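Computed from a prediction, not measured in an experiment: that's the story for all the values here. Chain letters run A, B, ... following the sequence lines, proteins first and then strands; every chain starts at 1.
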There are 2 protein chains.
Amino acid sequence: MSVNIHEIARRCNVSIATVSRVLNNKGPVKPSTREKVLQVAREMNYRPNSSARSLSTRKTDTIGVILPELVDEFFMSLIHELDEVAHKYGKYLLISSSHSSRNDMETIYEFMAGGRVDGIIIMAPKINKQIQNILKNNIRPVVLLNCDVPHNYAVRIKIDNYHGARSVTKHLIEHGYKRIAMVKGPSGNQDAESRWNGFMQEMEANGLAVNEKLILEGDFTLRSGYYAFLRLLNMDSTEKPEAIFFANDMMALGAYHAAHVLKIKFPEDIAVVGFDDIFTGRIVHPGLTTVHMPISEMGRKSMEYLIKLIEGEEELIGHEEVLSTGLVIRESCGCTQNWLPGDI
Amino acid sequence: MSVNIHEIARRCNVSIATVSRVLNNKGPVKPSTREKVLQVAREMNYRPNSSARSLSTRKTDTIGVILPELVDEFFMSLIHELDEVAHKYGKYLLISSSHSSRNDMETIYEFMAGGRVDGIIIMAPKINKQIQNILKNNIRPVVLLNCDVPHNYAVRIKIDNYHGARSVTKHLIEHGYKRIAMVKGPSGNQDAESRWNGFMQEMEANGLAVNEKLILEGDFTLRSGYYAFLRLLNMDSTEKPEAIFFANDMMALGAYHAAHVLKIKFPEDIAVVGFDDIFTGRIVHPGLTTVHMPISEMGRKSMEYLIKLIEGEEELIGHEEVLSTGLVIRESCGCTQNWLPGDI
DNA sequence: CTGAAAGCGCTTACAG
DNA sequence: CTGAAAGCGCTTACAG
């Protein structure tokens with residue numbers, strides 16, 4: 001249908017080889033014929049067919065992105081950043097999330113073995129043996145996000161949940177709270193485990209005992225935070241926590257919801273902190289003290305590393321990088337308001 | 001590098017034509033050779049090369065998605081839904097947002113003329129003549145989202161901002177408010193204009209005069225809502241509005257921010273409503289009354305239409321569909337709490 | 001500086 | 001039911 005290289009060649013009275021050479025700026029071409037070809041191509045709105053080119057060069061200029069889900073600010077920010085960087089390097093993004101029906105493996109295989117992409121960025125809850133085999137046996141490079149698998153075949157980027165959790169726990173301790181509760185994330189979840197470890201070790205490092213009753217498990221949802229909060233509030237006053245560390249902001253927001261119903265005030269009645277630094281935590285009152293996730297940085301670095309790998313920097317393979325988190329102090333922890341009107 | 005059809009053919013002692021036939025379930029093949037081929041293909045983990053296949057069939061099984069930006073719940077929900085439906089039909093998603101450096105036209109052209117996709121879903125603030133020409137002159141089908149251009153070459157799906165605005169305005173009027181202010185979105189913006197029209201017409205239909213001073217223009221950001229709110233509050237009591245309709249939730253949330261600083265209570269001191277139904281509006285206290293955008297529906301329908309177009313249902317071309325919005329009543333308008341503890 | 005030709009990995013009439 | 005061959009639109013040694 002659309003114009004191809006033969007048509008250009010015909011109109012310019014040259015061979016397709018010559019046309020290809022000028023279009024790709026490769027090999028010597030007489031300036032005058034170069035001009036001619038360029039002009040005709042422009043006039044005809046010529047665009048090389050990407051399939052044909054890929055078939056021949058084995059390059060697609062496409063990056064595969066596989067994410068566990070496509071909900072939340074988290075993934076939107078990540079995609080946003082991936083898109084920015086990809087665009088900067090002239091790459092396109094083939095995005096997919098894990099689905100119940102078509103599992104990750106299928107998608108990964110289609111992307112990799114089907115030759116749809118030049119490389120792949122994966123964030124998957126579980127990278128099983130089968131997937132690892134696919135990744136290992138494919139020449140196309142891989143960047144793994146927040147994954148906890150052997151990775152001598154891939155670049156791996158992680159977020160430092162552990163130290164983030166320690167720092168926010170430390171912050172609570174510095175406020176003088178001693179009975180600190182934690183609402184954990186779901187067991188088995190990578191992020192949840194690290195945050196939990198960080199909390200425990202910081203408590204221990206400060207000689208604070210952790211009352212087992214003050215450790216609840218949630219599932220990262222608003223709802224589970226809401227109920228965990230209710231349970232904690234119902235303890236008798238000798239045990240009731242002075243502060244609660246929710247393993248993510250969403251659960252902390254569940255507590256906000258309950259607090260409104262019960263007329264409980266943060267931080268006067270009880271202090272709460274979260275983890276993730278989602279937008280809503282900035283807006284609620286009082287502002288939610290939390291830990292910032294370096295999502296943009298994760299997006300940027302993963303894309304940059306992948307592109308370098310694609311360009312052949314093999315010495316990067318096996319590289320691991322841990323991105324640090326940052327404490328975001330607002331008011332729910334007991335600090336006084338640290339923003340001015342207008343500072344929004 | 002990876003195994004190809006020749007290798008399969010060689011091992012099965014058949015021609016590549018036969019292999020191709022069984023792989024595509026096309027043409028007659030003796031059951032026993034079919035079995036053999038299938039087995040060998042499985043053993044070798046064979047996967048057809050997508051570029052080669054596309055080059056030959058002119059199909060990519062890929063859908064191009066071009067969005068104005070990749071931030072906000074709005075786009076995340078949209079992408080989420082597109083991904084769901086695409087996956088259901090075995091399609092892949094090539095996603096790009098508008099960029100300053102590479103404009104939409106470039107991307108669209110690369111997707112369409114470069115043969116990277118079978119069809120395209122576009123949501124772009126401005127579809128200029130040049131882009132329209134590209135779309136019109138390409139055989140590949142197009143679905144336009146919330147666009148206001150002639151579209152006899154594309155399916156177009158819009159959201160009914162106008163009636164959404166009327167219904168939320170009506171709701172305020174039914175509460176007995178007479179001096180109702182509106183903080184508009186940026187002029188020139190499609191959604192902003194429709195919402196503004198809806199507001200004006202509903203006011204008029206109820207015989208309510210609109211004081212020009214009560215009409216402010218924002219730019220859909222938190223910040224602009226914050227300042228608009230401050231300005232409205234500073235009016236003298238004879239003019240000061242009893243209720244404010246913010247053209248989107250984000251601006252309404254700016255008002256929440258200011259309200260906390262100034263110790264102003266919604267809806268006791270002043271009622272506020274928004275538009276969009278973003279997550280944060282559910283969490284803040286009091287809950288923000290707003291208008292729900294049928295984003296998932298938009299995503300689902302646009303993908304389904306596009307796939308039908310790709311499959312050749314030409315009679316759909318030119319079809320336009322307007323999706324209705326829905327009033328979401330919470331408490332910021334003056335209604336009493338309509339959710340129970342635990343109902344989150 | 002340029003062109004003829006092979007090849008990338010597939011699909012698909014066509015002939016048998 | 002099967003295979004040889006052409007073709008999809010490019011790139012790239014190779015020869016001139």
Reckon B:T33 touches a base, only the sugar-phosphate, or nothing at all at heavy-atom distances under 4.0 Å?
-> sugar-phosphate

Could you give the CZ-to-P distance, from A:R116 to C:dC10, as a whole number of Å?
-> 13 Å

Please step through side chain to side chain contact (heavy atoms under 4.5 Å, CB included) for the pair B:K36 and B:V14, ending with a clear verdict.
-> CA-CA 10 Å; B:K36 181 103 177 266; B:V14 294; over 6 Å; no

D:dG9 P sits how many Å from A:M44 CE, rounded?
-> 13 Å

When you check the phosphate oxygens OP1 and OP2 of D:dG9, does a side-chain N or O of A:Y46 lie under 4.0 Å from one of them?
-> no

Give A:P28 one of three labels, base, sugar-phosphate or nothing, depending on what nucleic acid heavy atoms sit under 4.0 Å from its own.
-> base

Gap between atoms CD1 and C1', on A:I5 and C:dA4 respectively (whole Å) = 14 Å

Starting from the 5' end of DNA chain D, give me the residue, B:L55 or B:P31, whose nearest nucleotide shows up first.
-> B:P31

Phosphate contact (C:dC8 OP1 or OP2) by A:R53 side-chain N/O below 4.0 Å | no

Roughly how many Å is it from CZ in A:R58 to P in C:dC8, rounded to a whole number?
-> 7 Å

Counting N and O atoms only, with roles assigned by atom type, does the side chain of A:S50 sit under 3.5 Å from a partner on the main chain of B:G114, one being a donor and the other an acceptor?
-> yes

Nucleotide D:dG9, atom C1' - distance to CG of A:L23 in whole Å = 12 Å

Polar-atom pairs under 3.5 Å, protein N or O versus N or O of nucleotides 12-16 of chain C: list them with distances, or write none.
| unit_1 | atom_1 | unit_2 | atom_2 | d |
| --- | --- | --- | --- | --- |
| C:dT12 | OP1 | B:K26 | NZ | 3.4 |
| C:dT12 | OP2 | B:K26 | NZ | 3.1 |

Side chain to side chain contact (heavy atoms under 4.5 Å, CB included) partners for B:N49, two or more places apart = A:L55, B:S51, B:A52

Would you mind reporting whether A:I8 and A:L23 have side-chain heavy atoms less than 4.5 Å apart?
-> no

In whole angstroms, the gap separating P of D:dG9 from CZ of A:R10 amounts to 15 Å

Which listed nucleotide (D:dT2, C:dT2, D:dG3) is nearest to the side chain of B:K30?
-> D:dT2

Just to confirm, is there a sub-4.0 Å distance from OP1 or OP2 of C:dG9 to any side-chain nitrogen or oxygen of B:N4?
-> yes

Atom-to-atom span, CD1 of B:I8 to C1' of C:dC10 - whole angstrom | 13 Å

Can you establish whether the number of heavy atoms outside A:E315 located under 6.0 Å from its atom CD is more than 12?
-> yes

Rounded to whole Å, CG of A:N13 lies from C1' of C:dG3 at a distance of 13 Å

Which of C:dC10, D:dG3, C:dT2 is nearest the side chain of B:V14? It is D:dG3

Intermediate values then yes/no, side chain to side chain contact (heavy atoms under 4.5 Å, CB included), B:I108 and B:I131 = CA-CA 8 Å; B:I108 292 172; B:I131 294 180; 3.7 Å; yes

Using the side-chain hydrogen bond (donor to acceptor under 3.5 Å, both in side chains) rule, take A:R116 and A:S54 through it: C-alpha gap first, then chi angles, then the decisive distance, then the call.
-> CA-CA 9 Å; A:R116 287 186 179 269; A:S54 296; over 6 Å; no

Pairing partner of C:dC14, by Watson-Crick or G-U wobble and under 3.5 Å for both distances, is D:dG3

